[in-house]
S.K.: 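Before I ask anything, here is the structure I am working with.
In this text, all values refer to a predicted model and were calculated from it rather than measured experimentally. Lettering of chains follows the sequences in order, A, B, ..., and the numbering in each one begins at 1.
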Amino acid sequence: MPSSVLFEVRRQAEESVEKLVNHDRDHKVFNSGDSVFSDKDKMREQGKRKFSWRNETDESFARMRKIAQQRKSLPIASVERRVVDEVRKNDTLIIVGETGSGKTTQLPQFLFNAGFCRDGKLIGVTQPRRVAAVTVAKRVAEECGIELGQKVGYSIRFEDVTSSTTRIKYMTDGLLLREALLDPRLSKYSVIIVDEAHERTVHTDVLLGLLKNVQRARLRSPTNQCLVDSKDFHTSKVLPLKLVIMSASLDARGFSEYLGNAKAVHVQGRQFPVDILYTYSPESDYIDAALITIFQIHLEEGPGDILVFLTGQEEIESVERLVRERALHLSEDSRKILTVPVYSALPSEQQMQVFRPAPDGFRKVILATNIAETSVTIPGIRFVIDTGLVKARSFNPRTGMESLVIIPISKAQALQRSGRAGREVPGKCFRLYTEDEFGKLAESTIPEIKRCNLSNVVLQLKALGIDDVIGFDFMDKPSRMAVVKSLEHLYVLGALTVEGKLSDPVGFQMARLPLDPIYAKGLIVASKLNCLEEMLIIVSMLSVESIFYSPREKMEEARAARKCFASQEGDHITLLNVYRASVESLEKSRMGNQETIRDKTVEKKLNKWCRENFINSRSLRHAREIHRQILGHVQNMGLNVTSCGQDMDQFRRCLAASFFLNAAVKQPDGLYRAMASGQTVQIHPSSVLFGTKPDCIIFNELVRTNHNYIRNISRIDPLWLSEFAPHYYGNKE
DNA sequence: CGGGAGGTC
């Protein structure tokens with residue numbers, strides 16, 4: 001076994017890309033400071049804050065000046081005029097902006113100041129993640145010296161901080177897609193900026209195709225609306241839609257070709273240099289190589305924290321143990337090493353540990369999944385150890401089977417990972433693979449749309465009036481088989497007619513519900529079988545990450561806690577019990593006073609209840625939010641929210657009627673056969689039915705790990721299948 | 001006997 005890993009050094013190559021050179025640097029083009037103060041003036045005119053005004057202004061004046069200075073120093077500030085000109089001249093523009101260029105916060109302000117919000121039109125900026133939409137909006141509102149929700153606001157699921165005065169609106173890309181269902185021409189927007197387009201999330205990809213269509217439609221008929229009132233004419237006329245695609249990747253060609261050879265400009269970033277180190281020879285055991293490298297850095301390099309990219313929770317836990325063990329062999333002085341794990345399933349309090357600086361003299365070693373690649377930015381990182389691997393979801397459209405496999409990352413991902421070392425100071429990235437191996441990596445990650453279940457996407461496109469889904473102009477087309485399978489799936493669920501049109505009312509109702517189509521259908525079925533109240537809870541609980549929290553060191557306690565909720569009938573009723581128990585505990589803690597759900601002390605009590613019962617409080621909170629939102633939807637649709645009371649057989653009949661596509665029957669060998677695909681599957685160990693062998697079950701998840709597992713399972717009577725889905729299972733009796 | 005990361009009017 002090697003005692004050290006040898007690395008060769010490469011300076012990160014500077015790619016040759018057309019750059020937006022700054023010719024304006026000597027000119028005073030920067031004028032957004034004016035707008036900052038004019039907002040202040042307005043506030044004064046309106047006579048707001050009469051008494052505290054003076055004091056506050058002194059403070060905020062200094063802060064404003066500091067903000068204005070920071071803004072001026074951003075790389076994009078020096079090219080404001082040129083970027084704005086390019087947006088004026090081109091209906092579609094691609095901006096390749098490196099990390100730290102300031103594109104996300106500045107461009108919308110530039111465009112606002114240049115008059116792109118005339119006639120009350122909005123600039124929409126989409127982000128793949130909620131936190132990004134919120135934090136960027138907050139920052140921009142502060143830069144403008146206004147209250148969030150006024151000129152600058154954000155809108156994400158469950159949270160809309162905008163008003164009629166909002167002109168710059170940050171939002172998640174998924175939310176804009178939902179908006180398009182209500183207003184297919186997105187007529188209130190003059191500009192839409194799609195940020196982080198290089199991440200190529202499903203939502204981004206669908207949105208890009210949609211925006212192309214909207215742009216064309218708006219050009220064809222700028223004012224095709226029938227207007228009675230001439231006053232409305234000016235406020236609702238539809239102008240061409242300006243589209244700005246912002247990407248961090250250096251390869252803008254793909255976007256440009258897709259968007260009709262759109263012009264691409266490059267805006268410099270502000271990152272510290274990162275030395276790239278490759279191993280001299282391939283490492284067969286990346287865990288061991290990572291361990292050795294951690295200690296090599298710890299003993300040989302200067303101060304600075306280490307970020308290690310690993311593939312999953314289990315791996316992180318074992319590396320954590322190994323680092324602690326090996327640290328014991330170090331001299332007392334060099335033992336000062338602190339490991340901190342980060343992965344999404346970790347409770348948020350523990351996730352927060354990564355942001356805490358290490359105690360004096362300690363070096364922090366962060367062991368992270370891909371969460372640290374984009375979602376969580378950790379300060380203080382100077383060294384990155386990149387295993388070159390990632391656990392990725394893959395989906396087999398033929399069988400409907402999802403699986404998680406460890407695969408090599410792409411070059412773009414390797415670049416993104418190494419960049420995590422150069423945010424505050426020059427850094428180093430230790431790649432646990434050779435330069436030759438790096439050369440063989442794919443240029444970029446396969447877009448998610450090519451490796452996921454498309455049922456939802458297809459339903460959304462149909463609802464947007466796009467009938468030819470197979471011919472839809474995706475930047476990267478998913479396989480024909482994947483689309484056809486989704487069309488079939490939606491047809492069997494009753495969302496589509498034989499002609500492939502959205503069915504009325506079922507298809508329309510399903511498309512309106514922000515849920516997996518099979519869950520949306522479940523609600524409609526349940527409303528007819530008098531257990532919509534129960535089904536609402538179940539689809540909310542099934543829509544979130546695992547509700548149960550079972551840390552390795554307290555596995556027995558967690559198991560005991562779960563037993564309190566367990567139903568012999570299966571996981572669905574177990575989830576129902578958990579939800580209802582949580583509501584009961586909430587009501588108890590609220591008893592006697594008029595506190596609202598949002599009250600902090602009630603929230604704390606719920607968290608305490610979660611801790612005691614080994615429930616993931618983040619997941620439960622999420623489920624409660626979904627429940628509230630979907631309840632609103634089904635009420636608006638006029639569905640009856642009735643309960644089956646104690647009649648759990650009725651509820652299981654409803655589960656069978658809803659999820660008949662996911663039925664499985666026991667084989668003589670004790671394994672199960674999934675009836676739709678004929679695959680052999682087994683009950684996942686996390687199911688309450690694990691160890692029992694009911695003859696017939698329905699399930700909600702099909703995942704391949706070491707085995708083909710099914711999860712979230714309930715026992716059903718096989719006769720119910722032919723009763724509720726005769727068209728699928730036939731009348732066997 | 002086991003869970004990459006996002007996200008939805």
S.K.: By nearest atom, which of the nucleotides dT8(B), dG6(B), dC1(B) is closest to the Pro685(A) side chain?
M.R.: dC1(B)
S.K.: Would you kindly compare Arg393(A) and Leu515(A) by the position of their nearest DNA chain B nucleotide and give the one closer to the 5′ end?
M.R.: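 That would be Arg393(A).
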S.K.: What is the distance, to the nearest angstrom, from the CG atom on Leu181(A) to the P atom on dG7(B)?
M.R.: 19 Å
S.K.: Output the single nucleotide from dG3(B), dT8(B), dA5(B) whose closest atom is nearest the side chain of Leu404(A).
M.R.: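 That would be dG3(B).
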S.K.: Nearest whole Å is fine: how far is dC1(B) C1' from Glu556(A) CD?
M.R.: 12 Å
S.K.: Between dG2(B) and Tyr709(A), is there an OP1 or OP2 to side-chain N/O distance shorter than 4.0 Å?
M.R.: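 Checking Tyr709(A) against dG2(B): at least one side-chain N or O falls below 4.0 Å of OP1 or OP2.
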S.K.: Pick base, sugar-phosphate or nothing for Ser546(A), based on heavy-atom distances below 4.0 Å to the nucleic acid.
M.R.: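 No contact.
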S.K.: Base, sugar-phosphate or nothing for Leu513(A)? Non-hydrogen atoms, less than 4.0 Å.
M.R.: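 The residue Leu513(A) makes no contact with any strand.
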S.K.: With respect to the phosphate group of dA5(B), does any side-chain polar atom (N or O) of Ser344(A) fall under 4.0 Å of OP1 or OP2?
M.R.: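 For Ser344(A), the contact criterion (side-chain N or O under 4.0 Å from OP1 or OP2 of dA5(B)) is met.
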S.K.: Do the ring centers of His684(A) and Phe699(A) come within less than 6.0 Å of each other?
M.R.: no
S.K.: Looking at Lys212(A), I'd like to know if its NZ atom is crowded, meaning that more than 12 non-hydrogen atoms belonging to other residues, nucleotides or ligands lie closer than 6.0 Å.
M.R.: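 Count over threshold, so yes.
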S.K.: Reckon Arg130(A) has a side-chain N or O less than 4.0 Å from the OP1 or OP2 of dT8(B)?
M.R.: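 Yes, within the criterion.
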S.K.: Using a cut-off of strictly less than 4.0 Å, decide whether Thr705(A) has a side-chain nitrogen or oxygen near OP1 or OP2 of dG3(B).
M.R.: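 Answer is yes, contact under 4.0 Å.
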S.K.: Can you tell me how the ring of His622(A) sits relative to the ring of Phe158(A), calling it parallel under 30°, perpendicular over 60° and tilted otherwise?
M.R.: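 It falls in the perpendicular class, over 60°.
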S.K.: Out of dG3(B), dG2(B), dA5(B), which has the shortest distance to the side chain of Ile371(A)?
M.R.: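 Closest nucleotide to the Ile371(A) side chain: dA5(B).
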S.K.: Nearest to the side chain of Ser550(A), heavy atoms from C-beta on, is which of dG3(B), dT8(B), dG4(B)?
M.R.: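 Of dG3(B), dT8(B), dG4(B), dG3(B) is nearest to the side chain of Ser550(A).
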S.K.: Measuring to OP1 and OP2 of dT8(B), would you say a side-chain N or O of Thr172(A) lies under 4.0 angstrom away?
M.R.: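 Yes, within the criterion.
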S.K.: Any side-chain heavy-atom pair from Tyr189(A) and Glu179(A) closer than 4.5 angstrom?
M.R.: yes
S.K.: Using a heavy-atom cut-off of under 4.0 Å over every strand shown, decide if Arg200(A) touches base, sugar-phosphate, or nothing.
M.R.: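 Nothing, no heavy atom under 4.0 Å.
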S.K.: Is there a side-chain polar atom (N or O) of Ser686(A) under 4.0 Å from OP1 or OP2 of dG2(B)?
M.R.: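 So the side-chain polar atoms of Ser686(A) never come under 4.0 Å of the phosphate oxygens OP1 or OP2 of dG2(B).
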S.K.: More than 12 heavy atoms of other residues, nucleotides or ligands under 6.0 Å from CD of Gln353(A): yes or no?
M.R.: yes
S.K.: Taking the nucleotide of DNA chain B with the nearest heavy atom to each, does Asn706(A) or Asp516(A) sit closer to the 5' end?
M.R.: Asn706(A)
S.K.: Between the base of dG6(B) and the side chain of Arg129(A), is one N or O donor paired with an acceptor at under 3.5 angstrom?
M.R.: no
S.K.: Separation of Phe690(A) atom CZ from dC1(B) atom P, in whole Å?
M.R.: 6 Å
S.K.: Test side-chain hydrogen bond (donor to acceptor under 3.5 Å, both in side chains) on Gln629(A) and Glu625(A); report intermediate values, then the result.
M.R.: CA-CA 6 Å; Gln629(A) 186 186 41; Glu625(A) 283 175 327; over 6 Å; no
S.K.: Rounded off to whole Å, could you give me the CD-to-P distance for the Glu179(A) and dT8(B) pair?
M.R.: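 It is 12 Å, rounded to the nearest whole Å.
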S.K.: What contact category does Glu545(A) fall into here, base, sugar-phosphate, or nothing, at under 4.0 angstrom with non-hydrogen atoms?
M.R.: nothing
S.K.: Starting at atom CZ of Arg417(A), determine the distance to atom C1' of dG4(B), rounded to an integer number of angstrom.
M.R.: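 About 10 Å, once rounded to whole Å.
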S.K.: Rounded to whole angstroms, how far apart are CZ on Arg711(A) and C1' on dG2(B)?
M.R.: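 Rounded to whole Å, this separation is 8 Å.
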S.K.: Provide, to the nearest angstrom, the distance between the CD1 atom belonging to Ile446(A) and the P atom belonging to dA5(B).
M.R.: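 Atom CD1 in Ile446(A) sits about 20 Å away from atom P in dA5(B).
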S.K.: Can you tell me the distance, in whole Å, between the CD1 atom of Ile710(A) and the C1' atom of dC1(B)?
M.R.: 15 Å
